[in-house]
Amino acid sequence: MKRVNKNPDGDPGTLSLDPDNSNNGGVLRDPDGKCWFERSPMRLMGVVVVVLMVVSVLFSVSVVLRDLPDDGVSELNEAKVFQVKSQEVPASEDNSLQSVEVPKELLGGLLSTEFDKRSCVGRYQSASYRKELPHKPSSYLISRLRRYEALHKKCGPYTESYNRTLERLNSGHHPESSDCNYVVWISFSGLGNRIVTLASAFLYALLTNRVLLVDPGVDMVDLFCEPFPEVSWFLPSDFPAKNQFDIFDQNYPQCYGKMLKNNNFTYSNGLMSPSFVYLHLVHDYNEHDKLFFCDEDQSFLQKVPWLIMKTDNYFIPSLYLIRSFEQELSNLFPNKETVFHFLGRYLFHPTNPVWGLISRYYLTYLAKADERIGIQIRVFETGNGPFQHVLDQILACTLKENLLPEIDKEKPIIHQSGTQISKAILMTSLTSGYFEKLWDMYWEHPTVTGEVIGVYQPSHEKYQQTEKQTHNQKAWAEMYLLSMTDVLVTSAWSTFGYVAQGLGGLRPWILNKPENQTAPDPPCHRAMSMEPCFHSPPFYDCKAKRGIDTGLLVPHVRHCEDISWGLKLVDHHNEL
């Protein structure tokens with residue numbers, strides 16, 4: 001969105017084109033009527049030198065600008081929208097990777113170094129865009145990830161073990177014991193949901209010694225780099241049941257909940273387990289589907305070589321309520337609120353085109369600021385925004401919590417001695433209305449503190465377009481950019497915000513959900529932890545076989561701040 005500088009006196013750095021100026025239209029004349037180069041050969045030589053210097057400077061500038069982002073030469077008060085680039089790594093980025101030695105430990109040892117640097121530039125460059133990790137992964141988590149990578153290399157797509165296990169699945173015969181068992185994650189729902197559920201599926205695979213295979217869907221390959229060395233995590237297109245994924249639901253014959261309901265199998269040792277089971281863990285799942293979170297059911301599922309999972313829930317908090325997983329989870333994550341933080345930083349790396357969006361925007365608008373404030377706005381109300389009560393809520397929260405400075409409407413200019421502090425506000429929203437109002441506010445009035453405020457919004461897509469590739473590339477880039485801020489404000493109920501806070505290791509201020517188009521009071525509150533919320537948890541005591549409030553069973557699984565019935569992981573030291 002372009003802005004016109006309101007300068008009534010004109011720009012002193014702009015050449016005048018007025019024909020009535022003192023230069024008579026800018027044409028130089030010699031008083032003797034001779035051409036100027038006839039009067040002075042030395043002057044001619046001097047001009048030639050000047051012209052050569054100007055040409056040299058212009059050539060150098062053109063070379064520099066050629067490698068800048070599309071929005072790198074825009075006005076300071078203009079935040080242009082994302083432009084998606086091609087897959088190829090620019091020569092400048094490739095050269096910088098070749099000249100910089102890859103560190104022996106990436107993210108404290110969280111990431112393996114056995115990758116081709118060019119295949120995923122952001123995997124290596126992103127660490128320099130962030131502050132040092134606020135938490136360190138446990139040595140046990142690092143060792144388990146290396147063990148998992150070895151298992152994935154042995155059992156991944158098209159390996160001998162994979163082909164052998166797939167033959168048994170195709171034959172429909174009772175599966176023999178195998179070193180390779182699998183959990184297949186079906187690409188389903190919006191991007192934020194997909195990211196948090198994929199992290200859940202991976203942790204479940206880690207806990208049950210399974211190999212995670214990811215349905216590519218329509219755009220997963222375009223969004224995320226391969227997280228495991230040498231062997232892909234994407235499910236091959238010739239997987240037998242892949243063409244049926246769209247019809248997998250609670251009525252599917254191999255749905256675990258339906259099989260339990262119909263007593264299609266029991267837990268007796270003599271009964272053969274099926275070759276595969278479909279796990280329906282979507283928000284509409286019933287009481288039989290939810291038995292997945294019981295120890296007894298996990299014992300049975302351990303015998304099934306192929307588990308195919310569809311979910312739109314971050315179900316990790318309920319894994320902490322399965323007794324057989326307790327000790328392993330404690331060893332993996334001594335700090336319980338770091339689960340998604342470490343899994344997210346391990347699994348999710350933007351592909352080169354998406355990293356191009358991220359790095360160009362960050363370097364152009366955010367890098368030089370003394371502080372970066374992220375504001376993520378998701379409005380669930382119907383109608384066309386922007387809504388005044390939402391803007392009022394954003395301002396009430398950020399000003400009350402001293403995240404943004406007040407403006408002075410009386411004084412046109414406030415002079416500050418010394419260096420002024422600069423703050424960059426990164427806003428994400430489907431509409432540009434909130435950005436425009438905040439931009440106008442800080443452009444038209446100085447701050448009472450003398451701080452210089454810049455307001456930026458990478459895109460405004462108007463409405464969510466889940467199946468559109470470029471839309472999701474921009475959404476993924478914006479989540480990642482928000483995670484690179486110093487302070488974060490998020491919207492209640494939004495997995496978009498959950499992803500940003502988890503990747504960034506940030507405890508956000510959560511905007512309370514408005515009711516009746518009225519800004520709530522208080523407008524926001526600080527999150528208990530940086531963990532996402534499990535929106536649709538089961539409320540069931542597996543031993544007593546009765547309903548129970550699962551948010552009261554253990555101190556580290558609590559009800560969410562933004563959804564009273566949801567569950568999230570917390571640490572005691574973060575309680576306010």
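All heavy atoms count here, side chains included; hydrogens, waters and symmetry mates do not.
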Checking V489 against T398 for the side-chain contact (heavy atoms from CB on, under 4.5 Å) test, could you report, in this order, the C-alpha distance in whole Å, the side-chain angles of both residues, the deciding distance, and whether it holds?
CA-CA 8 Å; V489 178; T398 53; 4.2 Å; yes
Side-chain donor-acceptor pair under 3.5 Å between [X] and [Y], yes or no?
| X | Y | answer |
| --- | --- | --- |
| Y346 | H341 | no |
| H535 | N313 | no |
| T197 | W185 | yes |
| S483 | R130 | yes |
| Y204 | Q298 | yes |
| T428 | E478 | no |
| S429 | Q457 | no |
| S494 | Q376 | yes |

Taking side chain as C-beta onward, heavy atoms only, is [X] less than 4.5 Å from [Y]?
| X | Y | answer |
| --- | --- | --- |
| K513 | S491 | no |
| L481 | L366 | yes |
| F292 | L281 | yes |
| W233 | L347 | yes |
| S200 | F534 | no |
| P386 | L391 | no |
| S119 | C225 | no |
| N512 | P523 | no |

Side-chain donor/acceptor of [X] to backbone N/O of [Y], under 3.5 Å:
| X | Y | answer |
| --- | --- | --- |
| S318 | F315 | no |
| Q420 | G450 | yes |
| D370 | S422 | yes |
| T485 | R372 | no |
| S330 | E326 | no |
| T351 | D222 | yes |
| N352 | R118 | yes |
| H280 | Y285 | no |
| Y480 | W355 | no |

Rounded distance [0.5 Å steps], [atom1] in [X] versus [atom2] in [Y]:
| X | Y | atom1 | atom2 | result |
| --- | --- | --- | --- | --- |
| D116 | E230 | CG | CD | 12.0 Å |
| S536 | I563 | OG | CD1 | 7.5 Å |
| R526 | I510 | CZ | CD1 | 10.0 Å |
| I186 | D312 | CD1 | CG | 12.0 Å |
| F342 | E337 | CZ | CD | 10.0 Å |
| I377 | T431 | CD1 | OG1 | 9.0 Å |

Could you tell me which non-hydrogen atom of [X] sits nearest to which non-hydrogen atom of [Y], and how far apart they are?
| X | Y | value |
| --- | --- | --- |
| L506 | D486 | CD2-O, 3.8 Å |
| N193 | S189 | ND2-OG, 2.7 Å |
| P350 | C120 | O-SG, 3.7 Å |
| V339 | L203 | CG1-CD2, 4.0 Å |
| P514 | H389 | CB-CD2, 3.9 Å |
| C155 | Y182 | O-OH, 2.7 Å |

Check this for me, if you would: do [X] and [Y] make a salt bridge, where the nitrogen-to-carboxylate-oxygen distance has to be below 4.0 angstrom?
| X | Y | result |
| --- | --- | --- |
| E328 | R144 | yes |
| E531 | K568 | no |
| R194 | D219 | yes |

In terms of ring plane angle, is the pair Y129 and Y362 parallel, tilted or perpendicular, where the classes change at 30° and 60°?
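The arrangement is tilted - the two ring planes meet at 30° to 60°.
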Please tell me whether [X] and [Y] form a close aromatic pair, meaning their ring centres lie under 6.0 Å apart.
| X | Y | value |
| --- | --- | --- |
| F228 | Y148 | yes |
| W476 | F224 | yes |
| Y314 | Y498 | no |
| Y434 | W439 | no |

The test is ring pair (Phe, Tyr, Trp, His ring centres under 6.0 Å); show your working for Y320 and F325 and say whether it passes.
CA-CA 7 Å; Y320 270 81; F325 294 159; 9.8 Å; no
If the test is side-chain hydrogen bond (donor to acceptor under 3.5 Å, both in side chains), which one of H152, R147, R146 qualifies with E149?
R146
Show your working on side-chain contact (heavy atoms from CB on, under 4.5 Å) between F333 and L343 and close with a plain yes or no.
CA-CA 10 Å; F333 305 101; L343 295 182; 4.1 Å; yes
Any chance you could lay out the side-chain hydrogen bond (donor to acceptor under 3.5 Å, both in side chains) test for E451 and T449, step after step, and finish with the verdict?
CA-CA 5 Å; E451 294 170 311; T449 59; 2.9 Å; yes
Verify side-chain contact (heavy atoms from CB on, under 4.5 Å) between L223 and L191, making sure each step is shown before the conclusion.
CA-CA 10 Å; L223 299 175; L191 183 57; 3.7 Å; yes
side-chain contact (heavy atoms from CB on, under 4.5 Å) between M530 and T338, intermediate numbers included
CA-CA 8 Å; M530 57 188 173; T338 62; 3.8 Å; yes
Taking atom CZ of R323 as the centre, report whether more than 12 heavy atoms of other residues, nucleotides or ligands fall under 6.0 Å from it.
no
